[in-house]
Trainee: 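This is the structure, below, for whatever I ask next.
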Amino acid sequence: MRNKRFMPELPEVETTVRDLRKIILGRKIEDVWSDFKKMIKRPKTLGQFKKEIIGRKIQKIWRRGKNIIFELSQGKALLLHQKLTGHLLYGTWDIKHGTWKPKEKGPLEEKINTYIHLLFVLDNGKMLALSDLRKFAKVELWDKKELGEELKDLGLEPLEKSFIFQKFKGCLKEKRGKVKQVLMDQTVIAGIGNIYSDEILFEAKIHPFKEIEKLSDKEFKRIYQATRKILSKAVEAKGESISDYRTLSGEKGGFDPLRKVYRREGEKCSRCDTNIKRIKLAGRSAYFCPKCQQL
DNA sequence: TGCAGTGTTGCTTC
DNA sequence: CGAAGCAACACTGC
């Protein structure tokens with residue numbers, strides 16, 4: 001398998017959040033370590049960040065789009081975006097002389113350990129680590145009351161009860177352009193990236209380049225239903241695993257065998273045996289079946 | 001060996 | 001105003 005990468009989209013982030021709730025809810029943060037200050041965007045210095053965060057309890061953990069929010073005691077909230085390659089890990093590490101090494105054997109010794117750049121030491125002696133190969137991940141500390149403003153541009157939450165067809169169609173129709181691009185637009189629907197947009201459009205039998213204004217009501221309906229189906233199926237499977245994605249405890253996600261088109265260029269379509277094709281859209285790859293998904 | 005490809009977001013440019 | 005392009009960064013595959 002080439003180019004092993006973790007690309008957290010909604011199902012992977014949701015899986016992480018559910019795991020985090022089981023493991024670290026109610027824990028107090030006792031110390032923070034980092035060797036890459038740029039990751040912490042707010043407050044400006046690591047010293048300030050440590051000062052404001054140490055001693056606070058993790059009271060609530062939730063997700064908005066691909067963001068993870070840790071609500072802390074006394075009105076603070078930690079906002080984390082994993083971007084392309086961020087991983088959260090739970091375990092124990094030895095921190096010495098500006099570096100660290102794993103204390104335990106098992107999944108923690110795998111390669112993702114190499115890229116740990118931020119560690120939270122908890123009051124049970126365990127740690128929450130952020131590993132990030134490409135160092136794009138972002139961590140910000142906000143006042144809880146500022147969060148709404150910070151997250152206001154994010155679009156619909158596709159797994160919520162309020163995600164109904166009329167709203168979905170209305171939001172998509174406000175935009176112009178190719179349907180794949182609009183599905184990935186975080187201000188329209190929050191949480192869909194390159195993998196799941198391809199899978200959703202295959203399920204709905206819609207060409208990724210189809211223009212929004214050319215979609216019929218039936219086609220909107222198919223995309224809406226596919227969005228719900230694919231995302232909930234992926235959450236159930238605990239996310240994808242084509243990359244080196246691991247859950248907090250180091251297990252693989254189970255979405256891989258369910259993946260129909262993404263990174264399957266040249267393989268047979270599971271519905272009609274036609275070869276899966278790859279085309280470029282806004283600098284990235286779109287995978288689709290040229291027979292099932294026609295313009 | 002060097003360079004295109006990998007994906008998310010935000011900023012700059014036109 | 002919107003879109004397109006690029007930078008942030010590191011590694012893999014050809």
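Below, chains carry the letters A, B, ... as their sequence lines are ordered, and counting in each starts from 1. All values reported here derive from a predicted model rather than from experimental measurement.
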Trainee: Where the side chain of A/Tyr115 is defined as all heavy atoms beyond and including C-beta, which of B/dG5, C/dC11, B/dT9 is the nearest nucleotide?
Mentor: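 Of the candidates, C/dC11 comes closest.
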
Trainee: Any idea which heavy atoms bring A/Ala190 and A/Pro158 closest together, and the distance?
Mentor: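 Closest approach of A/Ala190 to A/Pro158: O-CD, 3.4 Å.
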
Trainee: With a cut-off of 6.0 Å (strictly less than), are more than 12 heavy atoms of other residues, nucleotides or ligands near NZ of A/Lys28?
Mentor: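 Atom NZ in A/Lys28 is not packed in, count stays at 12 or less.
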
Trainee: Please state the C1' separation for the pair C/dC1 and B/dT8 - nearest whole angstrom.
Mentor: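 Looking at atom C1' only, C/dC1 and B/dT8 are 23 Å apart.
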
Trainee: If you compare every side-chain N and O of A/Ser285 against the phosphate oxygens of B/dG5 (OP1, OP2), does one of them come in below 4.0 Å?
Mentor: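 False: A/Ser285 side-chain N/O out of range (4.0 Å or more) of B/dG5 OP1/OP2.
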
Trainee: How many Å lie between CZ on A/Arg278 and P on B/dG5, as a whole number?
Mentor: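 Taking atom P of B/dG5 as the reference, CZ of A/Arg278 is at 8 Å.
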
Trainee: When you measure from the side chain of A/Lys38, which nucleotide among C/dA8, B/dT6, B/dT8 comes out closest?
Mentor: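 Selected nucleotide: C/dA8.
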
Trainee: Whether A/Arg271 engages the ring of A/Phe202 as a cation-pi pair (distance to the six-membered ring centre under 6.0 angstrom, angle to the ring normal within 45°) should be assessed.
Mentor: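 Yes.
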
Trainee: Counting only side-chain N and O atoms of A/Lys138, is one of them less than 4.0 Å from OP1 or OP2 of C/dA8?
Mentor: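 Negative; the distance criterion is not met.
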
Trainee: Expressed as a whole number of angstroms, how long is the span from A/His81:NE2 to B/dG10:P?
Mentor: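 It works out to 7 Å between those atoms.
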
Trainee: How many whole angstroms separate atom NZ of A/Lys41 from atom C1' of C/dA8?
Mentor: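 From A/Lys41 NZ to C/dA8 C1': 8 Å.
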
Trainee: Base, sugar-phosphate, or nothing: which does A/Gln181 touch, judged by heavy atoms less than 4.0 Å apart?
Mentor: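 The residue A/Gln181 makes no contact with any strand.
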
Trainee: Would a single hydrophobic cluster contain both A/Ile23 and A/Trp62, if residues Ile, Leu, Val, Met, Phe, Trp and Tyr are joined by side-chain heavy-atom contacts under 4.5 Å?
Mentor: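 Different clusters.
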
Trainee: From CG of A/Asn67 over to P of B/dG10, roughly how many Å is that when rounded to an integer?
Mentor: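 Atom-to-atom, A/Asn67 to B/dG10, this comes out as 8 Å.
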
Trainee: Which nucleotide in the set C/dC9, C/dC11, B/dT9 lies at the smallest distance from any side-chain heavy atom of A/Leu133?
Mentor: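 Among the listed nucleotides, the one closest to the side chain of A/Leu133 is C/dC11.
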
Trainee: What does A/Lys178 touch in the nucleic acid at a heavy-atom separation under 4.0 angstrom: a base, only the sugar-phosphate, or nothing?
Mentor: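 A/Lys178: no heavy atom of the nucleic acid under 4.0 Å.
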
Trainee: Step through it carefully: locate the ring centre of A/Phe220, locate the ring centre of A/Phe165, and say whether they are under 6.0 Å apart.
Mentor: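 Ring centres of A/Phe165 and A/Phe220 not closer than 6.0 Å.
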
Trainee: When both hydrogen-bonding distances must be under 3.5 Å and the geometry is Watson-Crick or G-U wobble, what is C/dC9 paired with, if anything?
Mentor: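 Paired with C/dC9, as far as the under-3.5 Å criterion goes, is no nucleotide at all.
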
Trainee: Given the P atoms of C/dG5 and B/dA4, what is the spacing between them in whole Å?
Mentor: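 Each nucleotide's P atom is 16 Å from the other's.
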
Trainee: Taking atom P in both B/dT12 and C/dC9, what distance in whole Å separates the two?
Mentor: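 Result for the P pair: 16 Å, nearest Å.
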
Trainee: Would you mind reading off the distance between A/Leu154 atom CG and B/dT8 atom P, rounded to a whole angstrom?
Mentor: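 Nearest whole value for this atom pair: 14 Å.
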
Trainee: Take atom CG of A/Asp198 and atom P of B/dT8, then tell me their distance rounded to the nearest Å.
Mentor: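 These atoms are roughly 10 Å apart.
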
Trainee: Please give, in whole Å, the distance from C/dG13 C1' to A/Glu265 CD?
Mentor: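 These atoms are roughly 14 Å apart.
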
Trainee: Nearest whole Å is fine: how far is B/dT6 P from A/Gln82 CD?
Mentor: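 Checked: the CD to P distance equals 22 Å.
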
Trainee: For the side chain of A/Glu12 and the backbone of A/Glu9, is there at least one donor-acceptor N/O pair under 3.5 Å apart?
Mentor: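 Side chain of A/Glu12 to backbone of A/Glu9, a donor-acceptor pair under 3.5 Å: yes, one is there.
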
Trainee: For B/dT6, does either OP1 or OP2 sit under 4.0 Å from a side-chain N or O belonging to A/Arg263?
Mentor: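 So the side chain of A/Arg263 is outside the cut-off, no N or O lying under 4.0 Å from OP1 or OP2 of B/dT6.
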
Trainee: Side chain of A/Lys83: nearest nucleotide among B/dT8, C/dC11, B/dG5?
Mentor: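 Selected nucleotide: B/dT8.
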
